[in-house]
Each structure stands twice: as C-alpha cells, then as structure tokens.
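The next block holds one structure in the form of structure tokens; read it before the comments.
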There are 2 protein chains.
Amino acid sequence: MKLSTKTRYGTRALLDLAINQEKGPVQLKDIAQRQSISLTYLEHLVTPLINAGIVRSARGRKGGIWLAKSPQEIRLDEVILLLEGSNAPVECVDRPDICPRSGSCVTRDIWTEMKKALDDVLAATTLQDLMDRQNAGTQAVARS
Amino acid sequence: MKLSTKTRYGTRALLDLAINQEKGPVQLKDIAQRQSISLTYLEHLVTPLINAGIVRSARGRKGGIWLAKSPQEIRLDEVILLLEGSNAPVECVDRPDICPRSGSCVTRDIWTEMKKALDDVLAATTLQDLMDRQNAGTQAVARS
DNA sequence: ATTATTGTAGACTAGATTAGTCAACAATAA
DNA sequence: TTATTGTTGACTAATCTAGTCTACAATAAT
C-alpha cells in the first residue's frame, strides 16, 4: 500500500511553500526548482490544494501561491485527503452501501481500524510541526 | 492508498479456510466457490501463504490446504505482509539507503509513523479473533 | 499400473492507474 | 501592450493490477 508520488511531491511542495512564503507569494517555478519537480507536474499537484482553499494564488507578474491559513492550522490529514483521497484501504469503509455485507463483515472492521489509525497519525501533525522539526535538524530537507 | 484485491481476497480465503478446516484439508475449489473467487486466481493468492509456511497443502484426491498454525497464532500483520508487502507507504521507510536525505527528512518521519500505526492495528488481531467476531454476529460473512 | 483429482508454476494479456508532458488560455503588473 | 505567472484539459508512455491459460506434478482410488 503505497502513497502516490502526487502525494509525496505535493506534501514536499506544501512544506517548501510554508518555509518560503515569508516574503510574499512563492512562484511555482521556484518550488519546482528547489524540489526537483517539473513545473507542469507541480501545477497539477497544487490545483487540488487551491480548490480546497488551503492555498491561494495570483496570476501574472509578482504572482504565485501562498497558504490560506497559518501552518499550524493545516493538519496533514487534510493535506493527504486532498492529494491522495481517503485513507480507507477498502472502498466499503467509506461507502458501506456498495457491499450488502458491510454491516456484518468482520474484515471490514479491520479495514476501518486501519483507516482510523492513519487518520489519527496524520491529524496529530501540522505543517508547523514539520517546519519546526526541519529547523531542529541541521540540514533537514524533505525528499521523499 | 488502497489494498489490492489480492490482499482482500486472500484474507477472506484464509478466514474461510480457518472456519472450514475442522474436517480435514479444504479444497481450493470449495473456497473459490464459497468466496466467489475464480479458482485460478485463488491459487495465486494462496501460493505466498504456503511458501511462507502459514498454510500447508497436499495434492491429489483428498488433497487441499490447511493452516500450519492455530488461528490464534496467525496475526493479520503477517498475513498482510505476505499478500500486500510492507505497510510502509513510501519505500524509504524500509530502505533508508535509497534516499540520501533519509536521515534528516521530516516527511519520512510521518511515513514511518503511518507504517507503525498500521502494523500495530494488524498485529493486534489474529485469525481467531476474526472467527470469534464472525460467530458473534448472526450471519456475518467476510465480503470485502 | 492407470486414472481422476487435486495443487504448482509460470507465461501471458486486457484494462486501469500513475506519472507525467504539451498546448492553449486567462489574468495581472510593469 | 507585453512579459510573466497561474489554469485547464487533452494526451501519452510506462507500470501495475487482476486476472486467464496451459502444462505439469503428486496423490488416492480403482
């Protein structure tokens, strides 16, 4: 069960943005360069974050993107939900109606516990936490 | 992040086996029929379980498969590891060497926490637990 | 010994998904 | 007006998933 590169790159991009937004809008071009992601691909990663309202953007000269909320208000569970979708490892966890046995299926209970465990881990960490941890380590940089 | 059908079907097959093995070897044909899985596909699901030694088999008439250990000795983390592979959502969690920044990457720490959370959930449940839960519910049947 | 029955192994394939690229467009500041 | 920046969606190559198909190996019943 692997996260997509979309999620990994998107998370890195968001952390990069959080770190570099002090001086105003950050250009996608610069994030792409720092994170070694192609600009065209990065655009697709950022789109869902903008649509969801956790990132804002402006076009044209001096344009760029910035966080719509402070880093401590952005939890990773929101981020991963936008980039990757639900943490439910099986569809029936979120949509019991797709399987007639959902109400009594014992494996479904396990899949549900897995989802909750992931949600809990991700909800316990904010972008600010990642920034702090990165500052704590000398040359810590997200590369996953 | 979704589990493959291989894992979902394999888990169901194993639970089916645990429930039906009282009267000796269970034939793949019968598991396939009860669980609505094609026989040829089921064979592939069972192979890794046999190779890992948690299921044993015999060919020919009166052949079939059975659990090599008691259901309470078979934890779900073993099962999912065999069917799905590691719970690491990113490769670098298991193999830090593939990325030069693994030692200082702040997102890797999160991916590592996710893996641990999944491992903990799955290690806390055995096949016997699933059997007990199924017996507790009236017509509970695994269908995921 | 022969045969029907069962599991084993691996090549193969269709379809879905992922990880992107490319081109045209829209908005803004200089 | 123009250069610069983000937006959108079509498109594609490569990979992965979910299987099927064929030949084979071992065993029990006859």
Side-chain angles (χ1 to χ4, degrees), chain A residues 1-14 17 20-21 23-33 35-68 83-86 89-91 144, chain B residues 1-14 17 20-21 23-33 35-68 83-86 89-91 144:
Chain A
M1 224 172 35
K2 293 283 177 276
L3 290 169
S4 63
T5 65
K6 190 175 164 185
T7 297
R8 293 186 283 118
Y9 289 3
T11 306
R12 272 168 54 191
L14 206 53
L17 171 60
N20 292 288
Q21 70 171 0
K23 304 157 194 163
V26 178
Q27 292 167 15
L28 290 180
K29 184 181 54 179
D30 294 334
I31 297 178
Q33 203 159 32
Q35 300 298 326
S36 304
I37 304 172
S38 86
L39 176 59
T40 51
Y41 193 38
L42 178 61
E43 288 160 353
H44 289 298
L45 308 183
V46 169
T47 298
L49 301 175
I50 293 173
N51 289 339
I54 74 172
V55 168
R56 282 210 240 280
S57 64
R59 306 185 196 193
R61 273 197 182 155
K62 300 276 182 181
I65 62 175
W66 60 95
L67 296 178
L83 293 168
E84 186 76 21
S86 168
V90 177
E91 198 61 32
S144 72
Chain B
M1 223 172 36
K2 293 282 177 278
L3 290 169
S4 63
T5 65
K6 189 176 164 185
T7 296
R8 292 186 283 118
Y9 289 3
T11 305
R12 272 168 55 193
L14 206 54
L17 172 60
N20 292 289
Q21 68 171 359
K23 302 157 194 162
V26 178
Q27 291 166 15
L28 292 180
K29 182 181 57 182
D30 294 334
I31 297 178
Q33 203 159 32
Q35 300 297 326
S36 304
I37 305 173
S38 86
L39 176 59
T40 52
Y41 193 37
L42 178 60
E43 290 161 354
H44 288 300
L45 308 183
V46 168
T47 298
L49 302 176
I50 293 173
N51 290 339
I54 74 174
V55 169
R56 281 209 242 280
S57 64
R59 306 184 196 195
R61 274 197 179 151
K62 301 277 183 180
I65 62 174
W66 60 93
L67 295 178
L83 293 168
E84 186 75 21
S86 167
V90 178
E91 199 59 34
S144 71

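Chain letters run A, B, ... following the sequence lines, proteins first and then strands; every chain starts at 1.
- Dashed line: the shortest gap from a side-chain N or O of B:Ser4 to OP1 or OP2 of D:dC16 is not under 4.0 Å.
- In plain terms, the two heavy atoms of B:Val26 and B:Gln21 that are nearest each other are CG2-CA, 3.6 Å.
- Here the closest heavy-atom approach between residue A:Ala68 and residue A:Gly53 is recorded as CB-O, 3.1 Å.
- As rounded to whole Å, 15 Å separates atom C1' of D:dT17 from atom CG of B:Leu83.
- For the pair A:Arg56 CZ and D:dG6 C1', the interatomic distance rounds to 16 Å; values are reported in whole Å.
- Checking B:Leu3 against A:Ala58, the closest nucleotide of DNA chain D that is more toward the 5' end is the one next to A:Ala58.
- For the residue pair B:Pro89 and B:Met1, the shortest heavy atom distance occurs at CB-SD, 3.7 Å.
- Along DNA chain C, the stretch of nucleotides lying under 4.0 Å from any heavy atom of chain A spans, 5' to 3', C:dA19 to C:dA30.
- Two residues are said to be in side-chain contact when any heavy atoms from C-beta on lie closer than 4.5 Å; A:Leu17 and A:Ile65 meet this criterion.
- For the pair B:Leu39/B:Leu28, a side-chain contact is recorded, criterion being any heavy-atom separation below 4.5 Å from C-beta on.
- Using a 4.5 Å heavy-atom cutoff, the side chains of A:Leu45 and A:Leu14 are not in contact.
- Annotation for B:Leu83 and B:Pro48: closest pair CD2-CG, 4.3 Å, computed over non-hydrogen atoms.
- Under the Watson-Crick or G-U wobble criterion, with both distances below 3.5 Å, C:dC12 is paired with D:dG19.
- Considering every non-hydrogen atom in both B:Leu3 and B:Arg8, the closest pair reads O-NE, 4.0 Å.
- Both A:Leu39 and B:Ile50 lie near DNA chain C, and the one whose nearest nucleotide falls closer to the 5' end is B:Ile50.
- Closest approach of B:Thr5 to B:Tyr41, counting heavy atoms only: OG1-OH, 3.3 Å.
- Side-chain atoms of B:Thr5 lie closest to D:dG19 of the nucleotides D:dA28, D:dA3, D:dG19.
- Contacts between residues 23-30 of chain A and DNA chain D, counted as heavy-atom distances below 4.0 Å, involve A:Val26, A:Gln27, A:Leu28, A:Lys29.
- With rounding to whole Å, A:Trp66 atom CH2 is found 11 Å from D:dG6 atom C1'.
- The residue among B:Gly60 and A:Glu84 whose nearest nucleotide of DNA chain C lies closer to the 5′ end is B:Gly60.
- Contacts between residues 40-48 of chain B and DNA chain D, defined by a heavy-atom separation below 4.0 Å, involve B:Thr40, B:Tyr41, B:His44, listed by number.
- B:Glu84 places a side-chain N or O within 3.5 Å of a backbone atom of B:Ser4 that can act as its donor or acceptor partner.
- Summarising the geometry, atom OG belonging to A:Ser36 is positioned 6.5 Å from atom CZ belonging to A:Arg12; distances are rounded to the nearest 0.5 Å.
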